[in-house]
Structure formats: C-alpha cells, structure tokens
Student: 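First the structure, which I've put down as structure tokens, then a few questions once you've had a look.
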Amino acid sequence: MGPRETWDTLWEAGKHADAERLAREVVEEEATERCRRILRYVERLGLPPGEMSAVEVGCGSGIYSCILARRGARVTAVDQSPAALTRAEERASASGVRLDLQRADAFEFAAANAGRFDLAMSFGTVEHFRPPLREEMCKAHWNVVRPGGVVVISVPNVLFLPHEILKALLKLRGKWFLGYEGSFTPWELGGVARRLGLEAVEYHGTDVLDDARRYARIVRETALWRKTFPWRASRGTEGDGSGSGRPSREPGRLRAAINRSLGHDITLMGVRGN
C-alpha cells in the first residue's frame, strides 16, 4: 500500500463521525495552549486572522484550517488524499466555515504558489517524509509564504517516550498503520529554522501531563490491556483529563521548558525574512 492509499484508508475510517463531534474537536483544539500560542504569535506580528490568507499543507481533516477560518482567515486546505479533503469539507460544514479545498502534491503546490500566503502551517505532516524530503517539506512551507509571512510546523517529539514505545510495540505486532513516521528532536527542528533563515523564531511544546493522560487512555483502550487487566478495562475513562476541551493554564517558565523538551508535539513558529 502506497503513502496516498495509506492516508485514504485512514481518513475513510473516520467518515462516520457526526457533525457535532467534528465541530467539537475544533473547539477543543482552540482551547489548547498550542493553539492559543499560535494565535498570539501571529497577532503580535500584526497579522490578525481576519485579514490573513493561510494554507494548511497536508491538511488531513482540517482542524486548524477551520480554526483560522472561524476567525475570518481565507484558508486553503491542501492534501493529496481525496478522503482527507472529504473529511475536511465535512468538518468545515459542521463548523460553519468555508475552505478552499485543493487536491495536490505538496511540493507541486508550493512550486505553483510561491509567495502567495501570509501563513503556511502543518500539524503531523512533515514527520511522514524520510530525509532529505522531510527538510524539503519544511522548505515548501517557506516557499508558499511571502517575505514577512509566518511558518508554523508542528511535529511529534521523539523524546515523548510513551508515543515512541507504543509505536514500537505496534510495529512489532504488525498493527502500526501510519507508514513511515520519523519523530523530530527539538534540536533538529531548530536546525530546520536556522537553515530556512527564519526570524522571530519560537518553539513550544504541548503539555506533558495532558499528553501522558491521553496516552494512558489510549493504552487502556487497547485489546492487550483489556485482556491483561479485564477488571480495570471495564472502568470508564471519564475524569482522566483527556480530551476534555478545557482551557489549559498558561505554563510557567519551568513548565514551558519541560513541555518544549518532552511534550508529545513540538511546534516551530517563525517569519520568512526578506
């Protein structure tokens, strides 16, 4: 199964999600510290979402495309998977927004739309490209923004061990279905920013404790856990703090540094120089 077919299968599996859930997932992500930091960053640069053109590269189901569109941005959502674009269209409809949905290869799209956007973003996309294409994929974000435009790249952090351990176990059992995924180190992402010549660079990580609770819930839902601990598997997962959509507190300096180093996802934000 090739990469595109892999993602078609993944997004087809989510086609029965109801509109309420699709809209709720957008609101829940809006409440996260990652989203709030991104929105504050672009506004500090004088790019209010209501006046911005944005593109989500490898949009998947388009959560961040919908977040920006809800704030008035003109958003283009790009993916090579027709199934992903269908999910993004359903999410946009459930969220009451419109997206410019384009089926395209990311590299071809970047070449054809150089300097067109104020902001280029991706979430969980770049890590699915092997070197050296992973850095070329990062450069594609740089290519499509104008000088002074913003690049946002969010990727899984190899130092978040629960994910890496679970991924290794799933691969051993032949149940890993996401193809190649090469998680980043924080310093690799920093190297990308330097080589692209990004300015006003910031790095942020997702909340380690929230991530750990979410992975505890994922593990408790696996067949192996249910078979090994049937008396615990029968308990609900309410109250574990996962997926609640509650706003996270602003972390202090120490907590922010820990999140940057050890959180499940690390996010790079920077400005294309002139």
Side-chain angles (χ1 to χ4, degrees), residues 10-11 13-43 49-50 52 54 56-73 75 77 79 83-99 101 119 121-125 127 152-157 160 162-163 166 178 204-221 236-251 255-256 259-260 262-269:
L10 171 68
W11 297 118
K15 67 181 179 182
H16 300 299
D18 59 72
E20 181 181 352
R21 175 183 169 186
L22 292 170
R24 185 177 67 248
E25 288 171 344
V26 172
V27 174
E28 288 178 349
E29 182 61 28
E30 284 178 321
T32 65
E33 184 61 23
R34 172 171 65 176
C35 183
R36 294 206 302 268
R37 284 187 180 277
I38 292 169
L39 293 175
R40 287 199 298 266
Y41 181 81
V42 297
E43 289 174 353
M52 137 189 334
E56 185 171 7
V57 183
C59 66
S61 65
I63 290 179
Y64 270 86
S65 289
C66 290
I67 287 173
L68 288 183
R70 274 164 54 90
R71 286 162 171 73
V75 183
D79 207 292
L85 294 174
T86 299
R87 301 291 82 75
E89 185 175 30
E90 291 171 347
R91 191 183 300 281
S93 177
S95 301
V97 299
R98 296 186 63 180
L99 305 175
L101 299 162
L119 181 145
M121 58 185 175
S122 68
F123 301 85
T125 297
E127 70 272 11
V152 177
I153 299 172
S154 190
V155 291
N157 180 5
F160 183 71
H163 176 72
L166 180 60
L178 293 180
H204 299 288
T206 50
D207 188 272
V208 173
L209 294 180
D210 284 348
D211 293 337
R213 284 192 287 264
R214 179 164 58 91
Y215 265 75
R217 175 172 57 84
I218 291 171
V219 169
R220 288 200 300 270
E221 292 173 352
T237 58
E238 291 85 354
D240 66 0
S242 303
S244 65
R246 294 172 299 180
S248 53
R249 292 186 305 167
E250 182 84 24
R255 180 76 169 271
N259 291 344
R260 263 196 313 274
L262 300 175
H264 178 281
D265 293 295
I266 43 178
T267 303
L268 162 67
M269 298 181 287

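Sequential numbering from 1 along the given sequence is applied to the chain's residues. Computed from a predicted structure; not experimentally measured. All values below were derived from every heavy atom in this structure, side-chain atoms included, with hydrogens, water molecules and symmetry-related copies excluded.
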Student: Roughly how far apart are Asp207 CG and Arg214 CZ, rounded to 0.5 Å?
Tutor: 11.0 Å
Student: For Ile63 versus Glu56, what's the shortest heavy-atom pair and its separation?
Tutor: N-OE1, 4.5 Å
Student: Quick check: are there more than 12 heavy atoms from other residues, nucleotides or ligands sitting under 6.0 Å from CD of Glu89?
Tutor: no
Student: Could you grab the distance from atom OG of Ser61 to atom CG of Leu22, nearest 0.5 Å is fine?
Tutor: 7.5 Å
Student: Are the side chain of Ser95 and the backbone N or O of Cys66 linked by a donor-acceptor pair below 3.5 Å?
Tutor: no
Student: Would you mind checking if Arg40 and Glu33 are paired as a salt bridge, meaning a charged N to carboxylate O distance below 4.0 Å?
Tutor: yes
Student: Atom CE of Met269 and atom CE of Met121: how far apart are they, to the nearest 0.5 Å?
Tutor: 13.5 Å
Student: If I compare all heavy atoms of Arg36 with all of Ala31, which pair ends up nearest, and what's the gap?
Tutor: NH1-O, 2.7 Å
Student: Where do Val75 and Tyr64 land on the side-chain contact (heavy atoms from CB on, under 4.5 Å) test, with the steps shown first?
Tutor: CA-CA 10 Å; Val75 183; Tyr64 270 86; over 6 Å; no
Student: Quick one: are Cys59 and Leu85 in side-chain contact, heavy atoms under 4.5 Å?
Tutor: yes
Student: On a heavy-atom basis, which atom in Phe160 and which in Ala212 lie closest, and how many Å separate them?
Tutor: CZ-N, 4.0 Å
Student: What's the verdict on side-chain contact (heavy atoms from CB on, under 4.5 Å) for Arg70 and Val27, showing C-alpha distance, side-chain angles and the deciding distance?
Tutor: CA-CA 10 Å; Arg70 274 164 54 90; Val27 174; 4.2 Å; yes
Student: Less than 3.5 Å apart, any donor N or O on the side chain of Arg37 or Thr267 sitting next to an acceptor on the other?
Tutor: no
Student: Kindly determine whether Ile38 and Tyr41 satisfy side-chain contact (heavy atoms from CB on, under 4.5 Å), including the steps that lead there.
Tutor: CA-CA 5 Å; Ile38 292 169; Tyr41 181 81; 5.6 Å; no
Student: Considering non-hydrogen atoms only, spot the tightest contact between Ser154 and Asp265 and give its length.
Tutor: OG-CB, 4.0 Å
Student: To the closest 0.5 Å, what do you measure between CG (Leu68) and SG (Cys35)?
Tutor: 7.5 Å
Student: Can you name the one residue among Asp211, Asn157, Asn259 that meets side-chain hydrogen bond (donor to acceptor under 3.5 Å, both in side chains) with Thr206?
Tutor: Asp211
Student: Go through the side-chain N and O atoms of Glu29 and Thr32 and say whether any donor and acceptor fall under 3.5 Å apart.
Tutor: yes
Student: I need the minimum non-hydrogen distance between Val208 and Leu262, along with the two atoms involved.
Tutor: CG2-C, 3.7 Å
Student: Assert yes or no for the condition that the ring centre distance of Tyr215 to His264 is strictly below 6.0 Å.
Tutor: yes
Student: Quick check for you: to the nearest 0.5 Å, what is the distance between Ile153 atom CD1 and Glu127 atom CD?
Tutor: 10.5 Å
Student: Short question: side chain of Asp79, backbone of Gly60 - any donor-acceptor pair under 3.5 Å?
Tutor: yes
Student: For the pair Arg71 and Leu39, evaluate side-chain contact (heavy atoms from CB on, under 4.5 Å) and give the outcome as yes or no after the intermediate values.
Tutor: CA-CA 10 Å; Arg71 286 162 171 73; Leu39 293 175; 3.4 Å; yes
Student: Can a donor-acceptor pair be found, under 3.5 Å and without considering hydrogens, that links the side chain of Glu28 to the backbone of Val26?
Tutor: no
Student: Where do Glu25 and Arg91 come nearest, in terms of heavy atoms and distance?
Tutor: OE1-NH1, 2.9 Å
